[in-house]
Amino acid sequence: MADFLTKREDNYSQWYNDLVIKADLAENSAVRGCMVIKPYGYALWEKIQAQLDKMFKATGHVNAYFPLFIPKSFFSKEADHVEGFAKECAVVTHYRLKNDPDGKGVIVDPDAKLEEELIVRPTSETIIWNTYKNWIQSYRDLPILINQWANVVRWEMRTRLFLRTSEFLWQEGHTAHATKKEAEEETRLIIDLYSDFAQNYMGIPVLKGTKSESEKFAGAIETYAIEALMQDGKALQAGTSHFLGQNFARAFDVQFLDKTSKLEYVWSTSWGVSTRLIGAIIMAHADNNGLVLPPNLAPIQVVIIPIYKGNSELESINSAALEIKAELETKGISVKYDNRDTHKPGYKFAEYELKGVPVRLALGSRDIAGGTIELARRDTLTKEIVPRESIGSRIEDLLKEIQINIFNRALQFRDDNIYRVDTREQFLEQVEKGGFILAHWDGTAETEEKIKQETKATIRVIPLDSPEEEGKCVWSGNPSVRRVVFARAY
RNA sequence: CGGGGUGUAGCGCAGCCAGGCAGCGCGCUUCGUUCGGGACGAAGAGGUCGGGAGUUCGAAUCUCCCCACCCCGACCA
């Protein structure tokens, strides 16, 4: 059917690239490594934003905005943080252009060199903690629970639309607390919130856990992550929440007087998810006909397509369609009525399938005469004829059903692709096939590094709920007390 | 930064080896017939052949230089 898309089974990454472009989500821009997010892709991001924003607000967070530019000196204050980001920072060195005296065009004005270079934020901990320093003197000033929606820049070597681009959109939460306990609770609260969002809105099951020492955020004491499994068996980190301890407070000298008049460093967290989530939605649900969007995040939940011969038929279909649209909209369902006369129904069917619209209604003279509507669902590609009077309630139920169905499908796939592995041979074999590998690990960075070098698999998470279990490290044979999750990852 | 590849109409490509009117498919415009799974016919529009220099009567094609992008590695949400 969709023969303009590369088949998923032929070349998964080409299929993904084709899909992003053909479904009109985004395209490569004139700037290397940076994408243009097109209206349909941005609409999806807006749905993600709106829901997360609601969830952040419901847990007491507020939004604010900090600068894009960060003085270079701020980066040198937290050693691990510098180490982690130094290699991928864009640097602003000048503030003016001038006409090229030798000819056409403009050049950077050498007289306009900045005293101190500015870093384009790869993340905002430093500028934010420099600012918080001025906001916090007393325990009465705490907690600070701020989120910002922003763009960040990380100069990536290799980029892929949504999954890894040099500039991307995200939200970053930065909180300040009086106690360690409170900051730890915040970190856990957010990773649970992300997990809830991934499962109930994106329809993607995730594994929740902590990162190993080498995989955690630069500057964090502990990094919690949710990890999803894509259809090709590779893992995708879908969200992270960091317990930063007092690292940034010490680096930026942020102290407060507690209730006992004792001077203390502030405890902090940071957490984020990015436009990468769009990549996750694609790679978790889409098929050879195109996107399959979860109803809870689909920009268009229902599309209505008229089928008619001549203008007289169209008129009666128009009025019926608009009635149905209005009825659905009163139930909070987003509906598009596509009565463009420039494309045939078959074209539109294929187009909305490609774009992953969960439910499609087709309305023709036969339906008008018989008081029915043809309803097609994207997740199963099945059709049914529904009586006109029950369409509202049918769709209301169906959207919920589709949401659950695609989650269950992804869950089934995920569960079918978790493997308990106990020997190096099994590990090597399974890593080639993909999936999450549950294996014993001796807990050392050396072993982790060796495994990464030889298999390209990394520890995705150390699951929060993993039971203690005596075993031997799959690589070194040294004793281990629990299994961790390995996979090749995006 | 290494290795490979590609730049020709909006998109996808052929033409280059062996120099001689710049082509094909899709898309686009107009008109007509169509319309329940990507319609058909007819007529059109659309080009700095990535850029520069050279060889030649003549360069998309040969030579040299430059630029950009893509893929594969090392780095990463």
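Residue numbers start from 1 in every chain, and the chains themselves are labelled A, B, ... in the order their sequence lines are given, proteins ahead of strands.
- Pairing for B:A43 is with B:U29, a Watson-Crick or G-U wobble pair whose two hydrogen-bonding atom distances lie under 3.5 Å.
- A perpendicular orientation is assigned to the rings of A:Tyr194 and A:Phe56, their planes being inclined by more than 60° (bins at 30° and 60°).
- The environment of CH2 in A:Trp149 is crowded: more than 12 heavy-atom neighbours from other residues, nucleotides or ligands sit within 6.0 Å.
- Nucleic acid contact for A:Leu163: base, since at least one base atom lies under 4.0 Å from a heavy atom of the residue.
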Which side-chain N or O atoms in residues 37-46 of chain A pair as donor and acceptor under 3.5 Å with protein atoms at least two apart or in another chain?
unit_1: A:Lys38; atom_1: NZ; unit_2: A:Asp24; atom_2: OD1; d: 2.8
unit_1: A:Tyr40; atom_1: OH; unit_2: A:Lys355; atom_2: O; d: 2.6

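- More than 12 heavy atoms of other residues, nucleotides or ligands sit less than 6.0 Å from atom CG of A:Asp10.
- Remark: B:C24 base-pairs with B:G12; criterion is Watson-Crick or G-U wobble with both hydrogen-bond distances under 3.5 Å.
- Using cut-offs of 30° and 60° for the angle between ring planes, the A:His343 and A:Tyr347 rings count as parallel.
- Residue A:Arg360 is classed as a base contact, given a heavy-atom separation below 4.0 Å to a base.
- Of the nucleotides present, none pairs with B:U55 by Watson-Crick or G-U wobble criteria with both distances under 3.5 Å.
- The distance from atom CG of A:Asp341 to atom P of B:U30 is 13 Å, rounded to the nearest whole Å.
- The separation between A:Lys348 atom NZ and B:A39 atom C1' is 14 Å, rounded to whole Å.
- Relative orientation of the A:Trp267 and A:Phe243 rings is parallel, given thresholds of 30° and 60° on the angle between their planes.
- As the counterpart of B:G37, no nucleotide is assigned, since no Watson-Crick or G-U wobble pattern has both distances under 3.5 Å.
- You'll find that the side chain of A:Lys383 is closest to B:G37, out of B:C75, B:G37, B:C35.
- Base-pair partner of B:G73: B:C1 (Watson-Crick or G-U wobble, both distances under 3.5 Å).
- For A:Glu374, taking side-chain heavy atoms from C-beta onward, the closest of the listed nucleotides B:G36, B:C75, B:G37 is B:G36.
- Here A:Lys456 lies in heavy-atom contact (under 4.0 Å) with sugar-phosphate atoms only.
- When rounded to the nearest whole Å, the span between CH2 of A:Trp170 and C1' of B:A77 equals 7 Å.
- A:Lys450 pairs by the side-chain hydrogen bond (donor to acceptor under 3.5 Å, both in side chains) definition with nothing, not counting sequence neighbours.
- For the side-chain hydrogen bond (donor to acceptor under 3.5 Å, both in side chains) condition, the pairs that include at least one residue of residues 200-211 of chain A, sequence neighbours left out, are A:Gln51-A:Tyr201, A:Asp192-A:Lys208, A:Asp196-A:Asn200, A:Lys211-A:Glu227, A:Lys211-A:Gln237.
- For the C1' atom pair drawn from B:U8 and B:G15, the interatomic distance equals 9 Å after rounding to whole Å.
- B:C31 and B:G37 have their C1' atoms separated by 27 Å, with the value rounded to a whole Å.
- In this structure, A:Lys87 and A:Gly33 both approach RNA chain B, and ranking their closest nucleotides by distance from the 5' end singles out A:Gly33.
- A:Met157 has its CE atom 16 Å from the C1' atom of B:A77, to the nearest Å.
- The side chain of A:Ile307 lies closest to B:G36, out of B:G36, B:G37, B:G73.
- The separation of B:U63 from B:G20, taken at their P atoms, amounts to 15 Å, rounded to a whole angstrom.
- Distances shorter than 4.0 Å separate some side-chain N or O of A:Lys344 from OP1 or OP2 on B:A39.
- In this entry the distance linking CG of A:Asp338 with C1' of B:C35 reads 13 Å, nearest Å.
- For A:Tyr16 and B:C71, the OH to P distance is 13 Å, given to the nearest whole Å.
- B:A59 sits 40 Å from B:G41 when the C1' atoms are compared, rounded to a whole Å.
- Rounded to an integer number of Å, the gap from CG of A:Asn151 to C1' of B:A77 is 15 Å.
- Distance, A:Asn17 CG to B:C69 P: 17 Å, rounded to whole Å.
- Using a 4.0 Å heavy-atom distance criterion, A:Phe168 is classed as a base contact.
- Remark: A:Arg360 qualifies as a cation-pi partner of A:Phe349 under the 6.0 Å distance and 45° angle criteria applied to the six-membered ring.
- A distance of about 16 Å separates the C1' atoms of B:C24 and B:A60, rounded to the whole Å.
- Contacts of A:Gln237 with the nucleic acid, taken as non-hydrogen atoms under 4.0 Å apart, involve only primed sugar atoms and P, OP1 or OP2.
- The stretch residues 361-370 of chain A comes close to RNA chain B through A:Ala362, A:Gly364, A:Ser365, A:Arg366, A:Asp367, each having a heavy atom under 4.0 Å from the strand.
- A:Gln14 CD: more than 12 foreign heavy atoms inside a 6.0 Å radius.
- For the P atom pair drawn from B:C62 and B:G5, the interatomic distance equals 15 Å after rounding to whole Å.
- Residues from residues 269-286 of chain A lying near RNA chain B, meaning a heavy-atom separation below 4.0 Å, are A:Ser274, A:Arg276 in numerical order.
- The residue A:Thr165 sits close to a base: some heavy atom pair falls under 4.0 Å.
- Nucleotides B:G73 and B:A14, compared at atom C1', are 32 Å apart to the nearest Å.
- In terms of the side-chain hydrogen bond (donor to acceptor under 3.5 Å, both in side chains) criterion, A:Glu389 has no residue partners (sequence neighbours excluded).
- Here the CZ-CG distance, from A:Phe197 to A:Leu52, works out to 4.0 Å after rounding to the nearest 0.5 Å.
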